[in-house]
Amino acid sequence: MEVCAARAPGKIILAGEHAVVHGSAAVAAAIDLYTRCSLCLMPLADDEAAATLELDLKDPGLTFSWPCGRLREVLLTDEAAGAREARPCSPDRLASIARLLEEHEIPEAKIWLSAGLSAFLFLYTSILGPGKVTVSSDLPMGSGLGSSAAFCVSMSGVLLTAAGVVTAVGGISGEGMGWELVGKDDLELVNRWAFQGEKIIHGKPSGIDNAVSTFGSMIKFKKGELTNLKSSNPVKMLITDTRVGRNTKALVAGVSERASRHSDAMASVFNAVNSISEEVSSIVELAANDEIAITSKEEKLAELMEMNQGLLQCMGVSHSSIETVLRTTLKFNLVSKLTGAGGGGCVLTLIPTMLSNLVLEKVIAELESHSFRCFKVEVGGQGLQVCQGGCSYFNGDVV
Ligand SMILES: Nc1ncnc2c1ncn2[C@@H]1O[C@H](COP(=O)(O)OP(=O)(O)OP(=O)(O)O)[C@@H](O)[C@H]1O
Ligand SMILES: C[C@@](O)(CCO)CC(=O)[O-]
Ligand SMILES: [Mg+2]
């Protein structure tokens, strides 16, 4: 039984969500909350009919199992060869996957999982044979922190590593957990597969979430082109999860419908967001060496975040819970904006370097008194990492 694992980070979007789907620039960064996938390959049984594909989802606490014979009947065509090239999921294949999922009784309260399960079945049967995958995540699902992208990136990463298509290139200094980085060409391939998975979950993704989860760091993203942003001063953000569930696919579709109803007005909105993202990316890269320069950089960022939030309201993706976070943080002179698709989910608050820990704790306490959940995150870290065979941290389960 062979074991390998992969982990991929979630993300924040500093500027440009939704508009990026319509061609504007956006700025995003990886955060140190991860989704981890581990894989055990089943030895090829004499009785092939007994082989199964298993999926153990730790966070919703559900396990799924499919007999490989049934999968082969419905899905495993000769498409199963050739993991070196990412292919889209054809409408016929998607319909077959939907029929397979109907055979499972997914609890009504967890029906939102079916998008992730469809992406899993597509990626798995396109890349590998019988096995068991275990998934666990630090990321709240469906809240704007790119849980769907981290799921698709870590899943594609572990499957391609197990298939021998992707190889690790060396450890990460300072982390003794067995996680290794992946070379640029391999990351490109993982990113292309993960994008196909995101298309199943999101409908019309721009590709920014899977790109930042795969490559990490802080990036500017426009029309599929990615630019790495080098920042000498770390940007500090507080994330507040309003715990209001929403679905990225529906929100993206809603913005597109508004854009077709009011094409001129929305083109101006997307254009304004593009300018904001361009300005945010140049401010992030400005070297600030003293207190005055850092403060002025943070003030500019805060103003741009405020402007971006106003435009997201124009797009119709804010929510009363988001407005509560904005009002609460404003009492402490802090600026916030929604991050990801909005409609609930998570809100970003810029934490100025000079803000005392005491005040920050007060802000968090007030936000949590509304039943929101806060995360203090490191911004701009590594993207996909893998662990090939005999990972030291692996103990029958992903930790
Ligand atoms: N750990 C996971 N296990 C299973 N499915 C997952 C997991 N993480 C994400 N998903 C799938 O992704 C869906 C959430 O994706 P969605 O794009 O709506 O939200 P998000 O990615 O968290 O936010 P955003 O796209 O705004 O950043 C879930 O409903 C589920 O189908
Ligand atoms: C809302 C959106 O812009 C970001 C979701 O994190 C969708 C996308 O870019 O795919
Ligand atoms: Mg998503």
Side-chain angles (χ1 to χ4, degrees), residues 7-31 33-38 55-64 101 106 109-121 123 133-155 194-195 197-213 219 221-224 239 241 243-256 270 273 277 308 312 315-317 338-348 398:
R7 66 174 187 175
K11 60 94 216 315
I12 52 171
I13 298 191
L14 281 88
E17 50 276 271
H18 288 290
V20 68
V21 176
H22 301 268
S24 303
V27 178
I31 54 174
L33 299 175
Y34 294 91
T35 294
R36 291 166 289 270
C37 290
S38 75
L55 177 66
D56 182 0
L57 299 176
K58 292 287 180 199
D59 308 289
L62 291 175
T63 54
F64 297 87
L101 288 180
I106 304 172
K110 293 184 176 168
I111 203 67
W112 41 267
L113 266 179
S114 48
L117 291 172
S118 304
F120 165 74
L121 280 175
L123 291 171
V133 182
T134 304
V135 183
S136 76
S137 184
D138 308 326
L139 293 160
M141 275 183 258
S143 330
L145 298 184
S147 72
S148 61
F151 179 75
C152 292
V153 172
S154 53
M155 188 65 72
F195 182 61
E198 271 280 84
K199 283 208 309 211
I200 295 176
I201 300 177
H202 271 203
K204 196 188 165 198
S206 62
I208 188 171
D209 291 2
N210 49 281
V212 74
S213 182
I219 61 165
F221 186 95
K222 183 170 178 167
K223 295 185 181 157
I239 295 175
D241 181 5
R243 300 184 201 249
V244 173
R246 75 319 158 271
N247 167 311
T248 299
K249 188 176 185 176
L251 287 152
V252 168
V255 173
S256 294
F270 296 145
V273 174
S277 299
N308 195 168
L312 285 158
M315 294 178 213
V317 295
L338 69 83
T339 188
C346 287
V347 181
L348 280 186
V398 181

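The shown structure was predicted, so the numbers you read here are calculated from the model rather than taken from an experiment. Just follow the structure's listing: the first ligand is 1, and inside any ligand the first atom is 1.
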Which ligand 1 atoms are under 4.0 Å away from a heavy-atom of L113?
4 (C), 5 (N), 31 (O)

Of the protein's non-hydrogen atoms, which lies at the shortest distance from atom 23 (O) of ligand 1, and what is that distance?
G144 N, 3.0 Å

What distance separates C37 SG from D56 CG, expressed to the nearest 0.5 Å?
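Between atom SG of C37 and atom CG of D56 there are 11.0 Å.
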
Identify the closest protein heavy atom to atom 10 (N) of ligand 1: which residue and atom is it, and at what distance?
M141 SD, 4.1 Å

Verify, without hydrogens or angle tests, whether N210 (side chain) and V153 (backbone) share a donor-acceptor contact under 3.5 angstrom.
no

For S147, atoms of ligand 1 separated by under 4.0 Å from a heavy atom
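With S147 as reference, the close atoms of ligand 1 come out as 8 (N), 9 (C), 14 (C), 20 (P), 21 (O), 22 (O).
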
Can you check whether V317 reaches E17 side chain to side chain, under 4.5 Å on heavy atoms?
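With C-beta onward as the side chain, the pair stays apart.
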
Please list, in number order, the atoms of ligand 1 under 4.0 Å from a heavy atom of L57.
3 (N), 4 (C)

Would one find an N or O of G142, backbone or side chain, under 3.5 Å from an N or O of ligand 1?
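Such a contact does occur with ligand 1.
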
For ligand 1, find out whether one of its N or O atoms is nearer than 3.5 Å to an N or O atom of W112.
yes

Could you check whether any heavy atom of K11 sits closer than 4.0 Å to an atom of ligand 1, since that is the contact criterion I want to use?
yes

Between G116 and ligand 1, does any nitrogen or oxygen pair lie at a separation below 3.5 Å?
yes

With a cut-off of 4.0 Å, which atoms of ligand 1 are near a heavy atom of D209?
25 (O), 27 (O)

Identify, by atom number and element, the atoms of ligand 1 in contact range of H202, meaning under 4.0 Å from any of its heavy atoms.
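Once the distances to H202 are compared, the set is 17 (O), 25 (O).
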
Side-chain contact test, heavy atoms from C-beta onward, threshold under 4.5 Å: evaluate it for L139 versus D59 and give yes or no.
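With C-beta onward as the side chain, the pair stays apart.
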
Geometry only, no angles: is K249 polar-contacting ligand 1 at N/O separations under 3.5 Å?
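No, since none of the N or O atoms of K249 sits under 3.5 Å from an N or O of ligand 1.
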
Tally of protein N, O or S atoms, where distance to the Mg ion (ligand 3) is under 2.8 Å
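Atoms of protein N, O or S type lying less than 2.8 Å from the Mg ion (ligand 3) total 2.
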
Side chains of K11 and I208, heavy atoms from C-beta outward: is any pair under 4.5 Å?
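In short, these two side chains do not touch, never coming nearer than 4.5 Å.
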
I'd like the contact residues of ligand 2, where contact means a heavy atom below 4.0 Å.
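Within 4.0 Å of ligand 2, the protein residues are K11, I13, E17, H18, V20, V21, H202, P205, S206, I208, D209, V252, G340, A341.
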
Applying a heavy-atom cut-off of 4.0 Å, say which part of S143 lies close to ligand 1: side chain, backbone, both or neither.
backbone

Taking the side chain as everything from C-beta on, heavy atoms only, tell me whether P60 gets closer than 4.5 Å to M141.
yes

Under 4.0 Å from one or more heavy atoms of G340, ligand 1 contributes atoms 26 (O)

Check each atom of ligand 1 against the heavy atoms of A341 and keep those under 4.0 Å away; list them by number with element.
26 (O)

Please report which non-hydrogen protein atom sits nearest to atom 25 (O) of ligand 1, along with the residue it belongs to and the distance in Å to one decimal place.
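That would be T248 OG1, 2.8 Å.
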
How does F151 reach ligand 1, by side chain, by backbone, by both or by neither, if only non-hydrogen atoms under 4.0 Å count?
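Contact part for F151 vs ligand 1: side chain (C-beta onward).
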
Sub-3.5 Å donor-acceptor pair from the side chain of S213 to the main-chain atoms of G10, do we have one?
no

How about S114 and I106: do any of their side-chain heavy atoms sit closer than 4.5 Å?
yes

Compute the minimum heavy-atom distance from R246 to ligand 1 and say whether it is under 4.0 Å.
yes

Atoms in ligand 1 with a heavy atom of V135 nearer than 4.0 Å:
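Atoms satisfying the 4.0 Å criterion: 1 (N).
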
